[in-house]
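Starting from 1, each residue takes its place in the sequence as its number.
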Amino acid sequence: MSPDTDTRPTADAALTAERPGTFVAVVGPSGAGKDTLLAMAAEALANEPDVVFARRIVTRDAMTELEDHDVMSRPDFAEAEAAGAFCLSWHAHGLAYGLPACLDDALASGKTVVANISRRTLTEAAARFARLAIVEITAPKAVLVQRVAARGRESPDEVAARIARQVELEVPACAEAFHRIMNDGAAREGCERLVAILMASGRRAG
């Protein structure tokens, strides 16, 4: 596994002390292994009450071997979105995604909230959350193609199209930290790096 890079310094300690909770946005292309590393990190940090792993609401059936999330129908999602039930929501790949508004309470109490979101949603996340850190999980293109194809949900042409339409990552200027994990080796290595990042985010929030 290639080493990751931290390219953005943390904010001044006096400033961050006024805004205790950190929202950690985990982003990256399809096939990067985000769900795998998040699941492993959640297990590793199960006894850390100050680190909260957000459970997404998605308008598709949950496949536990691929991703753990709550399911909502499209009409119910639209109604919940209009009622303010989500602190962040977005649409991608023909699906709707949302993060429950109760995560605001966790942030207000100083917890680190970790969520897998779309890179296209980072601007909204930066506007929504007082403290934002970003973890990009990625891998070489050949690895991405292999992993997406292994899911068996799309044809080779659809896999190629999915990889081709990945957008470049734009880090909002207000983000306090940016980390990149090149997840092209053992998942354990990527998990260890992610856990270290999350624990450091929690210390900065204190």
Side-chain angles (χ1 to χ4, degrees), residues 21-46 48-138 147-148 151-154 158 162 165-167 169 172 175 183 191 194-195 197-198 201-202 205:
T22 303
F23 183 87
V24 180
V26 177
V27 299
S30 296
K34 301 184 298 295
D35 292 324
T36 296
L37 296 192
L38 281 167
M40 293 175 68
E43 183 176 358
L45 296 174
E48 291 290 339
D50 290 333
V51 180
V52 176
F53 287 83
R55 188 174 173 89
R56 303 194 300 184
I57 296 92
V58 187
T59 56
R60 74 169 174 213
D61 291 340
M63 291 170 283
T64 55
E65 74 278 9
L66 297 175
E67 178 185 11
D68 185 22
H69 60 255
D70 290 327
V71 176
M72 187 175 284
S73 69
R74 289 181 179 276
D76 287 347
F77 187 98
E79 183 178 347
E81 190 174 34
F86 306 128
C87 62
L88 192 68
S89 61
W90 66 96
H91 297 256
H93 309 304
L95 301 169
Y97 299 79
L99 298 179
C102 61
L103 295 174
D104 284 332
D105 295 333
L107 290 168
S109 65
K111 298 182 186 298
T112 296
V113 172
V114 189
N116 176 3
I117 71 171
S118 168
R119 284 171 291 180
R120 300 177 188 272
T121 314
L122 284 174
T123 299
E124 288 82 356
R128 182 68 178 79
F129 304 112
R131 300 187 61 203
L132 174 68
I134 299 168
V135 178
E136 181 189 27
I137 299 175
T138 189
R147 289 175 179 168
V148 174
R151 297 173 181 173
R153 290 187 287 174
E154 298 168 306
E158 290 171 331
R162 175 183 284 270
R165 65 173 176 258
Q166 304 290 350
V167 300
L169 177 65
N183 188 33
C191 173
L194 180 56
V195 166
I197 290 169
L198 297 179
S201 294

Exercise for review: Starting from the C-alpha separation in whole Å, work towards a yes-or-no answer on side-chain contact (heavy atoms from CB on, under 4.5 Å) for R56 and D70.
Suggested key: CA-CA 6 Å; R56 303 194 300 184; D70 290 327; over 6 Å; no
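Side chains of S201 and V51 form no contact here, defined as non-hydrogen atoms less than 4.5 Å apart. Here the side chains of T112 and D50 are not in contact, with every heavy-atom distance at 4.5 Å or above. Within the 4.5 Å cutoff, the side chain of M72 has no heavy atoms near those of the V58 side chain. For the pair L194/L38, a side-chain contact is recorded, criterion being any heavy-atom separation below 4.5 Å from C-beta on. When side chains are defined from C-beta on, R119 counts as touching P29, because their heavy atoms get closer than 4.5 Å. Side-chain contact between L198 and F53 is present, with at least one heavy-atom pair separated by less than 4.5 Å.
With values rounded to the nearest 0.5 angstrom, L88 atom CG is found 9.5 Å from L103 atom CG. Interatomic distance, C102 SG to L107 CG, rounded to the nearest 0.5 Å: 10.0 Å. Between the OH atom in Y97 and the CD atom in E81 there is a gap of 13.5 Å [rounded to 0.5 Å].
Between the side chain of R128 and the backbone N or O of C87 there is at least one donor-acceptor pair closer than 3.5 Å. In this structure, K34 contributes its side chain and N116 its backbone to no donor-acceptor pair below 3.5 Å. Judged purely by atom type and a 3.5 angstrom limit, T59 has no side-chain atom pairing as donor or acceptor with the backbone of R74. Counting only distance, with no hydrogens or angles, the side chain of T121 and the backbone of E124 share no donor-acceptor pair below 3.5 Å.
In this structure, A32 and N183 approach most closely via the heavy-atom pair O-ND2, 2.8 Å. Of all the heavy atoms in L132 and L122, the pair that sits closest is CD2-O, 4.3 Å. The two residues I134 and P172 have their closest heavy-atom pair at CD1-CD, 3.6 Å. For I57 against F77, the heavy-atom pair with the smallest separation is O-CE1, 3.9 Å. The heavy-atom pair separating A54 from V113 by the smallest distance is CB-CG1, 4.4 Å. The two atoms that bring C191 and A41 nearest to each other are SG-N, 3.7 Å, heavy atoms only.
Between D105 and K111, none of the side-chain N atoms (NZ, or NE/NH1/NH2) sits under 4.0 Å from a carboxylate O, so this pair counts as no salt bridge.
A parallel orientation is assigned to the rings of F23 and F129, their planes being inclined by less than 30° (bins at 30° and 60°).
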